Amino acid sequence: MASLANAATRALRAYDPGHDLPALRKRFGAVLAELGSNENTLGPSPRAVAAIEAALPDIFRYPDPQGGALKAALATHLRVDPAQIALGNGSHELLMLIAQCFADASNSVVFSEFGFAVFPIATAAAGAIPIRVPALPRDHSTMPLGHELDAMAAAIRPDTRIVYLANPNNPTGTWVSDAALEAFLARAPATTLVVVDEAYQEFVDDPALTTALRLLPKYPNLIVTRTFSKAYALAGLRVGYAVSFIENINVIERLRESFNVNSLALAAAEAALGDAQHVARSKSFNLAERAWLTEQLRARGLRVLPSQTNFILVDFARDAAPIEAALFDRGVIARPMGGYGLGEFLRISVGSRAENGRLLEALP
Ligand SMILES: *Cc1c(COP(=O)(O)O)cnc(C)c1O
């Protein structure tokens, strides 16, 4: 029966969930250090939890199909029109929807080698032609494995409908500056949508990088996506958003499932957005802890790539599979990178000091 799947789907494999986390939580209990999924170890804002409790009695009702209250709060927060925002069941859903709405077998989609794993999947789901652009070299002085924007701009063909780029990028942690991104947008044709995935934007502290949102008035072909899964610590609820020129959002709205964001998620995201202190605390905690963890790993002779995110990519300079297995046996989950062709690397989320300490102790 699998041969009945369409050509694009036949070429794909199902999402690899990695380890069976529910079973591991039972086995290791509180000492399990989950450093594989870039979750915010501080947990959500208490205000988000209270909002979920308040919304619970109404779960027999359908959620607001427009997400009006969350959009209004986001519009104020981001200084855009609410009509410029689409909500998604995580930003993953929006990245997929954008390809489904705008690309098909007659056009191509550009993304970088070592770009976010969802980009090739979204391309395949739309049946479009993937153009994977080589990343910067491993030994690049400032952004090893990062997006090479000049090469990406040069790879755009007349039939290229979408360019996906994550800034900062997962799994590399690397980023491009505001100036470099604007130069890229200036080169991209108006008929090519540039999707900038800012899943980690709230963690950024490099003054050269702010957000692509400020370029929206100038570039109607720009779409910025963000998520409540990372800094806002609501990964389990699945809420993301896209911001763009109103016409692009209206197209996405045609294919969006009407009740794609559930009522608890809408309430929690709105409350989390209102707790600026919690986000600020998460950011400063992450900065300090990432610096400490990086220093500890470097002291062990390991190369740690630069990061503006809540994870680091660590180069073990040899097959990292046995290292990942040894960590796993001691209840420390890291993310293997073999699927990206980076078998010597592990991606490690910044955890609490206790979790990071357990990681360091468990390293063979
Ligand atoms: C985690 C992540 C997302 C967010 O996914 P959600 O579906 O919103 O949970 C999007 N892009 C990148 C690059 C990510 O790392």
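Positions are given from 1, in the same order as the sequence printed here. Whatever order the structure lists ligands and atoms in, that order sets their numbers, starting from 1. Nothing here was measured: the structure is a model prediction, and the numbers come from that model.
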Answer yes or no for Asp197: is there a heavy-atom contact with ligand 1 below 4.0 Å? yes

Under 4.0 Å from a heavy atom of [X]: give me the atoms of ligand 1 that qualify, with their elements.
X: Tyr200; value: 1 (C), 14 (C), 15 (O)
X: Gly90; value: 6 (P), 7 (O), 8 (O)
X: Ala199; value: 2 (C), 3 (C), 10 (C), 11 (N), 12 (C), 14 (C)
X: Lys230; value: 1 (C), 2 (C), 3 (C), 4 (C), 14 (C), 15 (O)
X: Ser229; value: 6 (P), 8 (O), 9 (O)
X: Asn170; value: 13 (C), 14 (C), 15 (O)

Ligand 1 versus Glu93, non-hydrogen atoms closer than 4.0 Å: side chain, backbone, both, neither? neither

Charged N to carboxylate O below 4.0 Å: is that the case for Lys283 and Glu202? no

Does this structure show an ion pair linking Arg138 with Asp315, if we count only N-O contacts that are shorter than 4.0 Å? no

Supply the atom-to-atom distance Tyr241 OH to Ile85 CD1, rounded to the nearest 0.5 angstrom. 8.0 Å

Spacing of Leu287 atom CG and Asp205 atom CG [to the nearest 0.5 Å]: 4.5 Å

Check: Gly90 main-chain N/O paired with Thr227 side-chain donor or acceptor under 3.5 Å: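 Looks like no, no N/O pair under 3.5 Å.
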
Could you check atom 7 (O) of ligand 1 against the protein and tell me its nearest heavy-atom contact, residue, atom and distance included? Arg238 NH2, 2.6 Å

For atom 4 (C) of ligand 1, grab the closest protein heavy atom and report residue, atom and distance to one decimal in Å. Ser91 OG, 3.2 Å

Closest non-hydrogen atom pair, Leu222 against Ser244: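 Where Leu222 meets Ser244 most closely, the heavy atoms are O-OG, 2.6 Å.
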
Relative to the ring of Phe111, is the ring of Phe119 parallel (under 30°), tilted (30 to 60°) or perpendicular (over 60°)?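 Plane angle between 30° and 60°, so tilted.
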
